[in-house]
Asks: 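Got a structure for you, questions after.
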There are 2 protein chains.
Amino acid sequence: MARPATEELRRRNRSALLDRLHRRGPQTRAELTEALGLNRSTIGALASDLSESGHIQETTGRPTGAAGRPSTLVECVPEAATVAAVEVRWKRLRLAVVGLGGTVLRRDEVPIAPGADGAAVAKAAAALLADAEVSDAIAAVPGLVDGGTVAQSSELGWADRDFGADLESATGRVWRVVDVATAAAVGEWSRGDAHGVANLLYLHGGHGLTAGWVVDGRPRRGSSIMLGHIVVNPGGQRCRCGLSGCVEAEMGTFDFSETIDETTIAARLGDTAAREMVRRSGEFLGLALGAVVTATNPDEILFGGWLRELYLSSAAAVRSSLAEATLPQLRARLRLRTAALGAQGPLTGAAEIGFEALMERMRLMWLARQDSNLE
Amino acid sequence: MARPATEELRRRNRSALLDRLHRRGPQTRAELTEALGLNRSTIGALASDLSESGHIQETTGRPTGAAGRPSTLVECVPEAATVAAVEVRWKRLRLAVVGLGGTVLRRDEVPIAPGADGAAVAKAAAALLADAEVSDAIAAVPGLVDGGTVAQSSELGWADRDFGADLESATGRVWRVVDVATAAAVGEWSRGDAHGVANLLYLHGGHGLTAGWVVDGRPRRGSSIMLGHIVVNPGGQRCRCGLSGCVEAEMGTFDFSETIDETTIAARLGDTAAREMVRRSGEFLGLALGAVVTATNPDEILFGGWLRELYLSSAAAVRSSLAEATLPQLRARLRLRTAALGAQGPLTGAAEIGFEALMERMRLMWLARQDSNLE
DNA sequence: GATATTTGTTGCTGTCAGCAACATATGATG
DNA sequence: CATCATATGTTGCTGACAGCAACAAATATC
């Protein structure tokens, strides 16, 4: 039987179409034709494939006020492909089931025992997911992640834990494990304000300080960035990591993750001690940022987790100490902002990482009609 | 006239074939078939195209000792496509004309007056290049480069100089301008020891300290990294950039760029002052590296320019101060080495950047036979 | 209601890559 | 040395694909 040669081209175009719908939301066929640079008739054929396979839905176009026949509106069918995203935190586990196009189909949350190990957390995740059918599953974990293994997580108290294996044995399926900051960076980049920024640095305040990036318009895969352990004060405070003078130690991040709200409120109400603490932390943050900005030259920095609150209360201190540690040419291009998606960032991004893998698979194979006509 | 639809597929495959030959050197058709995952007959057709257009040359295969008909050997014809790479330094200008497959067809070097402006340097480059026909032209410049503009170069004494425009008016062709460290990083990654390392950081010691990267297996485009201005000693030595405590100021890099050889030799011969100077510089370098490693988590760091000599003389100091400023989990994966291509790195990499653009153009169009059969 | 404009649909065409059968070139076996 | 096994290049054929042109459909404008 002749393997259908140029069919790869069709798969590429088909998944490009679906990918665009997933990322940019409902669009007309005319817009898709323009955007993908293909012929009207080709778009028609691709849309017909995707419609038959149930991935998209077409609705007759509404008059736009312009002359001519209104173009058909195309949109993703959320249920056609779903991704499970799980976020592990110190005392709770959160789940989102996200459908094609980014629609959140389900949200759930359960408490977990502080100090629970990977197997226990995986079990809780399995219970939460129950027997939901999803195309892909991603877990976001705070700490240093390498492949499926959590090399080090002070928040969870794990070290060299193969959490991917834990999840696989608890749920019977393959999971991808990423760190929370990388997930959130992807989330903010794909569905937040920072849509399409070429070089984005996302800083996450959890029990520690971590970072995720987008470099040259691609979310960085590789492993995660433990930003909290940049040394800003050599020979300073002893850090729990064993080094001295880490930003994390100097800022006292562990406390912040619990007390950020009261501290910033107190500072705003005029409490001198709180105000001083916020200012000092902002200064150290600015110093660490200086090194990172010099080393990576991003277009934009987003503050997420409790860094969001801290930045809102100490922007001036952050900026002034950043100014002492970065070249003016780099500062000029740089924007500092708080993350738009807030606490939803990590789950949103984790789901998006899952969809990226799904689109990649669609680019490699196509099951829909071939299943029914084998031989 | 019907635009030949699926022809894009052919262009993609053809340029993938040529790209592989360019990067990996001569290969047999059988190896290419295996590597590209295409059919024997398809490889034959592509090779025939490229042979007709003069890009490749096929020679009858030599017996390998294994059974079966020996496979035809395919190799690039260097003269079929050439790239001009120019490296601008404080007192000299270097040129290399590189052919397809990485063969260096010509090398040249002329002195330039210290303090010469962009127009003068461009004129010298035009004279050096003479009327050589090249497919692409790249200039590597020490400093902070943004697009075709040199935002800041202390070595050349330029600021906001549109060197791309200077070159264009002097030579009548478009140039791409990149910074020396980025070029060298690409060179080491594509043709040096660090071939294929996913996350590579190349540090260049010139008048200043700059860096270039490969992230997730792709050379980072974007703008350059002024590593020398990472602040390692807040409130320390005043740096010429206006900040205080930059590594560059603490290390005294400006002196090193002239005196590195005598200093390291003196240190090795037992000169206490030189030895102490080398040790201290190594320590500060390690501190800056700590911040960079924490922020970027590379697999490998290469030392180029005079950092090569410094590292060879102070590896212990670099490693020990790096150990005080980086998490052990990150250090464990990290390799430190000197750059393999040495002084040739920047030119090699600049040429490679040109070839990348050339391959991209081939992917978009194909001129050879269409020129002769228009209509 | 007629015309201009834009879009979806249909049948046709040039091109492509895989395949199978055959030709070619080597090593292994007796 | 002849034959067989093995690996590779070549040729004609095939299923598939995307572009195109002509036509049909749906809207705005006058």
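Chain letters run A, B, ... following the sequence lines, proteins first and then strands; every chain starts at 1.
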Asks: For D:dT10, does either OP1 or OP2 sit under 4.0 Å from a side-chain N or O belonging to B:Arg40?
Replies: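 Checking B:Arg40 against D:dT10: no side-chain N or O falls below 4.0 Å of OP1 or OP2.
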Asks: For a side chain to side chain contact (heavy atoms under 4.5 Å, CB included) with A:Thr82, tell me which candidate from A:Val98, A:Leu100, A:Leu105, A:Thr103 qualifies.
Replies: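 Running side chain to side chain contact (heavy atoms under 4.5 Å, CB included) over A:Val98, A:Leu100, A:Leu105, A:Thr103 with A:Thr82 returns exactly one hit, A:Leu105.
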Asks: Roughly how far, to the nearest 0.5 Å, is OG of A:Ser15 from CD of A:Glu360?
Replies: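 One gets 8.0 Å once the value is rounded to the nearest 0.5 Å.
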Asks: If you look at every strand shown and take non-hydrogen atoms under 4.0 Å, does B:Ser71 touch a base, only sugar-phosphate, or nothing?
Replies: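 Sugar-phosphate only.
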Asks: Using atom CG of B:Asp49 as one end and atom P of C:dT15 as the other, report the distance to the nearest whole Å.
Replies: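 B:Asp49 atom CG is separated from C:dT15 atom P by 13 Å.
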Asks: When we call it a touch if two heavy atoms are under 4.0 Å apart, what does A:Ile43 touch: a base, just sugar-phosphate, or nothing?
Replies: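 It contacts nothing in the nucleic acid.
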Asks: Give a yes/no answer on whether the side chain of A:Asn13 brings an N or O atom under 4.0 Å of OP1 or OP2 in D:dA18.
Replies: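 Answer yes for this pair, as a side-chain N or O of A:Asn13 is under 4.0 Å from OP1 or OP2.
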Asks: Between A:Asn39 (CG) and D:dA21 (C1'), how many Å, whole number?
Replies: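 To the nearest whole Å, that distance equals 10 Å.
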Asks: Out of C:dT6, C:dA23, D:dG15, which nucleotide sits closest to the side chain of B:Arg69?
Replies: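 Within the option list, the nearest is C:dA23.
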Asks: Okay, side chain of A:Thr6, backbone of A:Leu9: is any donor-acceptor separation there less than 3.5 Å?
Replies: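 Side chain of A:Thr6 to backbone of A:Leu9, a donor-acceptor pair under 3.5 Å: no, none is there.
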Asks: With DNA chain D as reference, determine whether A:Leu38 or B:Glu31 sits nearer its 5' end, using the nearest nucleotide of each.
Replies: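 Result: B:Glu31.
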Asks: Would you kindly give the CG-to-C1' distance between B:Leu73 and D:dG9, to the nearest whole Å?
Replies: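 Going from B:Leu73 (CG) to D:dG9 (C1'), I get 15 Å.
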Asks: Looking at every strand, decide which applies to B:Ala66 at a 4.0 Å heavy-atom threshold: base, sugar-phosphate, or nothing.
Replies: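 The residue B:Ala66 makes sugar-phosphate contact but no base contact.
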Asks: Please tell me which of A:Gly68 and A:Gly44 maps to the more 5' nucleotide of DNA chain C, matching each residue to the nucleotide holding its nearest heavy atom.
Replies: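 With A:Gly68 and A:Gly44 compared, the 5'-side residue is A:Gly68.
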Asks: In this structure, how many angstroms lie between the P atom of D:dT27 and the CZ atom of A:Arg29, rounded?
Replies: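 Whole-Å distance recorded here is 15 Å.
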Asks: Considering just the side-chain nitrogens and oxygens of A:Arg10, establish if one lies under 4.0 Å of OP1 or OP2 belonging to D:dA18.
Replies: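 Yes, such a contact exists.
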Asks: I want to check one thing: is the phosphate of D:dG9, taken as OP1 and OP2, less than 4.0 Å away from some side-chain N or O of B:Thr72?
Replies: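 Result: yes.
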Asks: If you take all heavy atoms of B:Ala140 and B:Ala183, which pair is closest and at what distance?
Replies: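 What the structure gives for the nearest pair is CB-CB, 4.2 Å.
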Asks: Return the CZ to CG distance between A:Phe355 and A:Leu18, rounded to the nearest 0.5 Å.
Replies: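 Taking CZ in A:Phe355 and CG in A:Leu18, the distance rounds to 9.5 Å.
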Asks: Output the rounded distance in Å from CD (A:Glu7) to C1' (C:dC16).
Replies: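 Rounded to whole Å, this separation is 13 Å.
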Asks: Within the structure, does a side-chain N or O atom of B:Thr42 lie under 4.0 Å from either OP1 or OP2 of C:dG18?
Replies: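 Indeed, a polar side-chain atom of B:Thr42 lies that close.
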Asks: Output the distance between atom CG (A:Leu21) and atom SG (A:Cys76), rounded to the nearest 0.5 Å.
Replies: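 Rounded to the nearest 0.5 Å, the CG-SG separation comes to 5.0 Å.
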Asks: Name the residue closer to the 5' end of DNA chain D, choosing between B:Ala30 and A:Gly65 according to the nucleotide with the nearest heavy atom.
Replies: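 Going by which nucleotide is closer to the 5' end, it is B:Ala30.
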Asks: Between atom CD in A:Glu58 and atom P in D:dA25, what is the gap in whole Å?
Replies: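 Those two atoms, CD and P, are 18 Å apart.
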Asks: Of the listed nucleotides (D:dA16, D:dT6, C:dC19), which one gets closest to any side-chain atom of B:Ala67?
Replies: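 That would be D:dT6.
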Asks: To the nearest angstrom, how far is B:Leu9 atom CG from D:dA18 atom P?
Replies: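 The answer, rounded to whole Å, is 10 Å.
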Asks: Take atom CD of B:Gln27 and atom P of D:dT8, then tell me their distance rounded to the nearest Å.
Replies: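 The answer, rounded to whole Å, is 14 Å.
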